[in-house]
Number of protein chains: 2
Amino acid sequence: MATIRDVAKHAGVSVATVSRMINDAGYVHEDTRKKIETAIRELRYTPNEVARSLYKRKSKLTGLLLPDITNPFFPELARGVEDEMQANRFRIIFGNSDENSKKEKEYIQTFVQNNVVGVIASTNHPDSDTYRKLEIPVVFLDRTADNRPSVYSDGREGGRMAAQEIVARGSRRITVMQGPGHIRPAQDRYQGAVEALSGSGISFNVIQTSSFSFTEAGTWARELFEKHPDTDGVIASNDIVATAVLHEALRLGKKVPEDVQIIGFDDVPLSSLLTPSLTTIRQPAYDMGKAAARLLIQLIENKDMTQKTIQMPVTFIERDTTRKVEHYG
Amino acid sequence: MATIRDVAKHAGVSVATVSRMINDAGYVHEDTRKKIETAIRELRYTPNEVARSLYKRKSKLTGLLLPDITNPFFPELARGVEDEMQANRFRIIFGNSDENSKKEKEYIQTFVQNNVVGVIASTNHPDSDTYRKLEIPVVFLDRTADNRPSVYSDGREGGRMAAQEIVARGSRRITVMQGPGHIRPAQDRYQGAVEALSGSGISFNVIQTSSFSFTEAGTWARELFEKHPDTDGVIASNDIVATAVLHEALRLGKKVPEDVQIIGFDDVPLSSLLTPSLTTIRQPAYDMGKAAARLLIQLIENKDMTQKTIQMPVTFIERDTTRKVEHYG
DNA sequence: TTGTACGCGTTATCAT
DNA sequence: ATGATAACGCGTACAA
């Protein structure tokens, strides 16, 4: 790899001049500029970002920490982040945390060891020292903490929405699937649903689940219909679980949505391709990712912002696992 | 951030001693070791990887370039890579290429500017200068190039398999969906299928598709049944397209697998959750990712390997979009 | 067993 | 308009 020295020698000037020209800081004569340009081209010189980073104590690197890229909600988020970063010439060091604090900590540590200028993280412990003590901007994505930069959607409202819509469509023996206890957004949705259901005076059952994995989802779906065979409405903690429930319901010969209605959460891409297609509460994942990246970049550049937390709207996506209503409410 | 200097001062020794202790290279007295350990703890010192990287001309950073993390096949790959890298304390700079050479080139360039020690890439142009001129090891993932390190599965054999299985199960008016022309694995599958079909003397139609996106998949599914309404067997270019075809077939009131059989490719996680669940040709994506990372790490450490290309087996996953047979062949 | 000093590739300061 | 040089934080000869 050619260095700035090589370029300087090749062009017959000093490294200082080359540096000035590259960063166009300070004067450099048109003629020397040309010479340097040629040298750069001929030697295929590109600045060493590591040396830059060492001197300036900041890089064009950014850290992205997500629970599990294998959960279909996160690729959308990640892509939104990446597109925005890429457009602004930032690069991303990526890691999966598995919602595990130790792993998070390790990642965050190596992020700072590599001089990243900012971090986007989806964590359940935004208030832990891991983040509190960080001297670079952090944006929490799909998670919140009071008064700290974050981009998330209103899970509670989403849960309420799901409950209202399923009740409005006639379900009366509802089962709510409560997502993993340690995952905040899952609990928000759950509470929203419970809130709305309690308010409406309709009784409901709860099935507790402990992960969002594809393989386990089937187990809970089976448990659901074993314990509560007369369920006529399921509010799932996300689309994966909803998909498993749908699959199981059909396997048991139930008609969806006639016998049982199902509402998911997230609106991951596959939801519309199921048969029947899945009614769900949509989070605008891609846009959330983009917004988070944009916010982080602003934080990196300005250091102070007025609008630090962005709550994105959730929307009811009516498809075929719920019945139609004319109008209600 | 504390530097090695701070630690040295705090412990009353020289930076060299601290360095030696950290990397345990050379002697260091037990007493001084203790003092240094305390200093490190108290100052919360962690080595600056950037300075390390600059001096050693190599980092613990690795580049991962995938077409689109939003395509459900890739998260599995990525996770495999990440798990293996993480276990070996390597970090990943991640980018989406969109199968676009310019983007690829930009990413690869910034990878080297950041001193990455190796690259894993899923590209259609492994022979381009972008990769040929790289001075660090590259492993091609889900793609191949003669004699260069790569991890992929036998798409051609997979295509053949799909054709044989669908024929063995009685389809006689088959439509093959030909994936995007510029994506190698898609063409391999296609050719494998065509090969087997031609060999069996069974006629077939072809529908050309130009991406693997969720949104467009539906369009081709519709086109398929408009142009070839009597199709009784579909070999899709991947599970996304297959899912769209399934969805469309059901929408048209066709019975699957009685009226039309469908075979996908990849075995992405959702396939088993569809109703009917999708018969497909499985690629062991997670393991492929792991294998690629393992191979890259060996390349980074050894520089010469005997076994440079790893072909993973594809397997026929019989589920419910195909009919049952007792035995055949 | 420990310390001094140089170099990794840049940028920025200060002369010239 | 340009050049010499210190500094960024670390690892390693080499000297002590």
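Numbers restart at 1 for each chain; the letters A, B, ... are given by sequence-line order, proteins then strands.
In this structure, B/S122 contributes its side chain and B/L141 its backbone to a donor-acceptor pair below 3.5 Å. Between the A/N115 side chain and the A/S59 main chain, no donor and acceptor come within less than 3.5 Å of each other.
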Measure all distances between protein nitrogen or oxygen atoms and nitrogen or oxygen atoms of nucleotides 3-5 of chain D, and list the pairs falling under 3.5 Å.
residue: D/dG3; atom: OP2; partner: A/S14; partner atom: N; Å: 2.8
residue: D/dG3; atom: OP2; partner: A/S14; partner atom: OG; Å: 3.2
residue: D/dG3; atom: OP2; partner: A/T17; partner atom: OG1; Å: 2.7
residue: D/dG3; atom: O6; partner: A/R20; partner atom: NH1; Å: 3.2

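The nucleotide range of DNA chain C contacted by chain B, defined by atoms under 4.0 angstrom from heavy atoms of the protein and reported 5' to 3', is C/dT1 to C/dG9.
Residue pairs satisfying the ring pair (Phe, Tyr, Trp, His ring centres under 6.0 Å) criterion with at least one member in residues 78-120 of chain A, sequence neighbours excluded, are listed as follows: A/Y107-A/F111. Residues in residues 123-148 of chain B take part in these ring pair (Phe, Tyr, Trp, His ring centres under 6.0 Å) pairs, two or more places apart or across chains: B/Y131-B/F140. The list of ring pair (Phe, Tyr, Trp, His ring centres under 6.0 Å) pairs with a residue in residues 32-72 of chain A, not counting sequence neighbours, is empty. Sequence neighbours left out, the pairs with a member in residues 13-36 of chain B that pass salt bridge (charged side-chain N to carboxylate O under 4.0 Å, His left out) are B/E30-B/K34. For residues 59-74 of chain A, the set of pairs meeting the salt bridge (charged side-chain N to carboxylate O under 4.0 Å, His left out) definition, not counting sequence neighbours, comprises A/D68-B/R79.
At a non-hydrogen distance threshold of 4.0 Å, B/L54, B/Y55, B/R57 from residues 36-57 of chain B come into contact with DNA chain C.
The end-to-end axis angle of the helix from C/dT1-D/dA16 to C/dT16-D/dA1, rounded to 10 degrees and based on five pairs per end, is 50°.
When rounded to the nearest whole Å, the span between CG of B/D6 and P of D/dG9 equals 8 Å. Between the CD1 atom of A/I22 and the P atom of D/dT2 there is a distance of 15 Å, given to the nearest Å. For B/R5 and D/dA6, the CZ to P distance is 14 Å, given to the nearest whole Å. Distance, B/K58 NZ to D/dG11 C1': 13 Å, rounded to whole Å. As a whole-Å value, the separation of B/N23 CG from D/dT12 P is 6 Å. A straight line from CG of A/N114 to P of D/dG9 spans 15 Å, rounded to a whole angstrom.
A side-chain donor-acceptor contact under 3.5 Å links B/H10 and B/E42.
Residues forming a side-chain hydrogen bond (donor to acceptor under 3.5 Å, both in side chains) with B/E37 (at least two apart in sequence, or on another chain): none. Evaluation of the salt bridge (charged side-chain N to carboxylate O under 4.0 Å, His left out) rule for B/R5 yields no partner, not counting sequence neighbours. Partners of B/R148 according to the salt bridge (charged side-chain N to carboxylate O under 4.0 Å, His left out) rule, which considers only residues two or more places apart in sequence or in another chain, do not exist here.
Among the heavy atoms of the strands lying under 4.0 Å from B/T3 are primed sugar atoms or P, OP1, OP2 only; no base atom is included.
Between A/K103 and A/E106 there is no salt bridge, since no side-chain N of the basic residue sits under 4.0 Å from a carboxylate O of the acidic one.
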Legend entry - Stepwise side-chain contact (heavy atoms from CB on, under 4.5 Å) check, A/T130 with A/S101: CA-CA 9 Å; A/T130 309; A/S101 300; over 6 Å; no
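Both B/H29 and A/M1 sit near DNA chain C, but only B/H29 has its closest nucleotide nearer the 5' end.
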